[in-house]
There are 2 protein chains.
Amino acid sequence: MQLINRDTDYAIKALMHIAKQNSERIPVSELAKILEIPNPFLRKILQILNKRGVLNSYKGKGGGFLLASSPDKIFLKDLINIFQGPVKLNECIFKKSICPDIKICALRTRIDALEKHVISELESITLASLLEDGASLHS
Amino acid sequence: MQLINRDTDYAIKALMHIAKQNSERIPVSELAKILEIPNPFLRKILQILNKRGVLNSYKGKGGGFLLASSPDKIFLKDLINIFQGPVKLNECIFKKSICPDIKICALRTRIDALEKHVISELESITLASLLEDGASLHS
DNA sequence: TATAATGATACTAATATAGTATCATTATAA
DNA sequence: TTATAATGATACTATATTAGTATCATTATA
Ligand code: SF4
Ligand code: SF4
């Protein structure tokens with residue numbers, strides 16, 4: 001069970017690199033080389049981030065991408081949502097059945113609590129918090 | 001992001017039903033009918049549970065399956081492990097790189113903590129605890 | 001000894017993830 | 001004004017994972 005898939009992973013890497021450009025537009029071609037991610041794949045990812053308001057894009061010569069907001073407003077949870085959908089630990093352990101006692105089920109209560117905890121942790125991780133730990137960044 | 005896949009889900013349903021048989025062997029054919037799970041698929045799942053020591057099986061006429069241990073010793077976490085592998089929220093957010101500062105990374109620390117929390121919650125959920133909530137069980 | 005069960009294993013189908021290709025649009029700078 | 005270097009949109013292919021099927025061998029029992 002993996003929390004983060006490749007899209008999200010690449011998105012994080014790219015966003016961190018873009019954040020460090022001090023508002024200088026960076027084109028996909030350059031990013032792809034630096035991060036060693038296949039250019040068309042990275043492009044697709046950045047296009048999605050643009051559509052979803054995380055990045056701003058500039059067409060034409062000298063164009064490229066910029067963060068749409070400051071790094072402390074970009075949350076890991078949102079990136080996961082964009083590329084992997086909502087964090088739902090479990091719709092209900094018996095997915096297909098309609099439970100008559102959904103409100104009192106102890107199991108459901110616990111899985112719900114677990115889900116809330118995971119989400120709140122993911123909400124507390126921002127791009128800024130990743131950047132702060134500058135010493136441990138690489139590639 | 002889904003915590004429990006169909007194998008695990010079916011396994012839980014089946015185990016709960018087997019647990020309620022008071023040590024009477026129950027064959028796959030019967031279980032499959034009751035739980036509305038395709039017979040060969042459920043069979044595969046129970047065979048795995050047998051191999052992994054969760055169930056005991058009895059061949060031949062009048063054969064079937066029984067729990068290998070008491071319901072309070074059967075943990076949700078183990079079932080997830082069997083069918084979906086280890087709960088690893090994230091090997092490391094930049095999977096492919098080798099990080100020079102893996103020990104001091106704040107992000108890693110937090111994801112690790114999150115993973116530990118999830119695992120310990122899953123360890124606290126047993127088949128017995130699901131059965132206790134008898135009123136809310138079904139099909 | 002027929003039968004009703006599981007064991008083992010290989011196969012197919014469906015879905016999700018990962019990655020590619022291509023043409024259209026647009027902004028810039030020579 | 002026009003070649004060029006960028007993104008936008010979209011459709012496609014490939015790979016991996018998940019879901020489900022099929023079949024023959026083995027075994028216990030009535
Ligand atoms: S509420 Fe509880 S008993 Fe009902 S379907 Fe959900 S997990 Fe099962
Ligand atoms: S330790 Fe931190 S910085 Fe290093 S690879 Fe892991 S998440 Fe990234």
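Just so you know, these numbers use all the heavy atoms, side chains as well, and skip hydrogens, waters and symmetry mates. Residue numbers start from 1 in every chain, and the chains themselves are labelled A, B, ... in the order their sequence lines are given, proteins ahead of strands.
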Fill in: Interface with DNA chain D, restricted to residues 24-33 of chain A and to heavy atoms under 4.0 Å
P27(A), V28(A)

Fill in: Residue whose nearest DNA chain D nucleotide is more 5′ - P40(B) or F83(B)
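Its nearest nucleotide lies further toward 5', so the answer is F83(B).
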
Discussion item. If you assign R43(B) and D7(B) each to the DNA chain D nucleotide with the nearest heavy atom, which residue ends up on the more 5' nucleotide?
Written reply: D7(B)

Worksheet item: So what does G62(A) hit on the nucleic acid, given a heavy-atom distance under 4.0 Å: a base, only sugar-phosphate, or nothing?
Response: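 Nothing: the residue G62(A), judged by heavy atoms under 4.0 Å, touches no strand.
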
Under 4.0 Å: is that the gap between some side-chain N or O of [X] and OP1 or OP2 of [N]?
X      : N       : result
S57(A) : dA6(D)  : no
N50(B) : dG7(C)  : yes
R6(B)  : dG20(D) : yes

Practice prompt. Consider only side-chain N and O atoms of S29(A) and R43(A), and report whether a donor and an acceptor are under 3.5 Å apart.
Written response: no

Worksheet item: Any idea which of dG19(C), dA8(C), dT21(D) is nearest the Q47(B) side chain?
Response: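 Ranking dG19(C), dA8(C), dT21(D) by closest atom to the Q47(B) side chain puts dA8(C) first.
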
Fill in: Proximal nucleotide (of dA29(C), dA19(D), dT6(C)) relative to the K61(A) side chain
dA29(C)

Please report, rounded to the nearest Å, how far the [atom2] atom of [N] is from the [atom1] atom of [X].
X      : N       : atom1 : atom2 : result
F65(B) : dT27(D) : CZ    : P     : 16 Å
I45(A) : dG19(C) : CD1   : C1'   : 10 Å
K44(B) : dC11(C) : NZ    : P     : 14 Å
L66(A) : dA6(D)  : CG    : P     : 14 Å
L49(A) : dG8(D)  : CG    : P     : 11 Å
L46(B) : dA8(C)  : CG    : C1'   : 15 Å
Y58(B) : dT29(D) : OH    : C1'   : 15 Å
N5(A)  : dA16(C) : CG    : C1'   : 10 Å

Worksheet item: Rounded to the nearest 0.5 Å, how far does CG of L15(B) lie from CG of L31(B)?
Response: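 Rounded to the nearest 0.5 Å, the CG-CG separation comes to 9.5 Å.
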
Worksheet item: Roughly how far apart are I74(B) CD1 and L67(B) CG, rounded to 0.5 Å?
Response: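 That separation rounds to 4.5 Å.
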
Worksheet, complete the sentence: The single option from L131(B), T126(B), L127(B) that satisfies side-chain contact (heavy atoms from CB on, under 4.5 Å) with S129(B) is T126(B)

Worksheet entry | Nearest heavy-atom neighbours spanning K73(B) and S69(B) |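 Looking at all heavy atoms of both residues, the shortest contact is CB-OG, 4.2 Å.
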
Discussion item. Within the structure provided, determine whether F65(A) and N56(A) are in side-chain contact (heavy-atom separation under 4.5 Å).
Written reply: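 A side-chain contact under 4.5 Å is absent here.
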
Fill in: Residue pair I48(B) / I82(B), side-chain heavy-atom distance below 4.5 Å
yes

Donor-acceptor under 3.5 Å ([X] side chain, [Y] main chain):
X       : Y      : result
N5(A)   : T8(A)  : yes
Q84(A)  : L3(A)  : yes
E115(A) : K88(A) : no

Worksheet item: So, does the side chain of K51(A) form a donor-acceptor pair with the base of dG8(D) at under 3.5 Å?
Response: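 There is none.
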
Worksheet item: Considering only heavy atoms and no angle criterion, is a donor-acceptor pair shorter than 3.5 Å present between the side chain of K59(A) and the base of dG8(D)?
Response: no

Discussion item. Are there runs of at least three consecutive Watson-Crick or G-U pairs touching DNA chain D, with each pair's two distances under 3.5 angstrom? Give them by first number.
Written reply: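 DNA chain D stems, ordered by first number: C:1-30 with D:1-30.
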
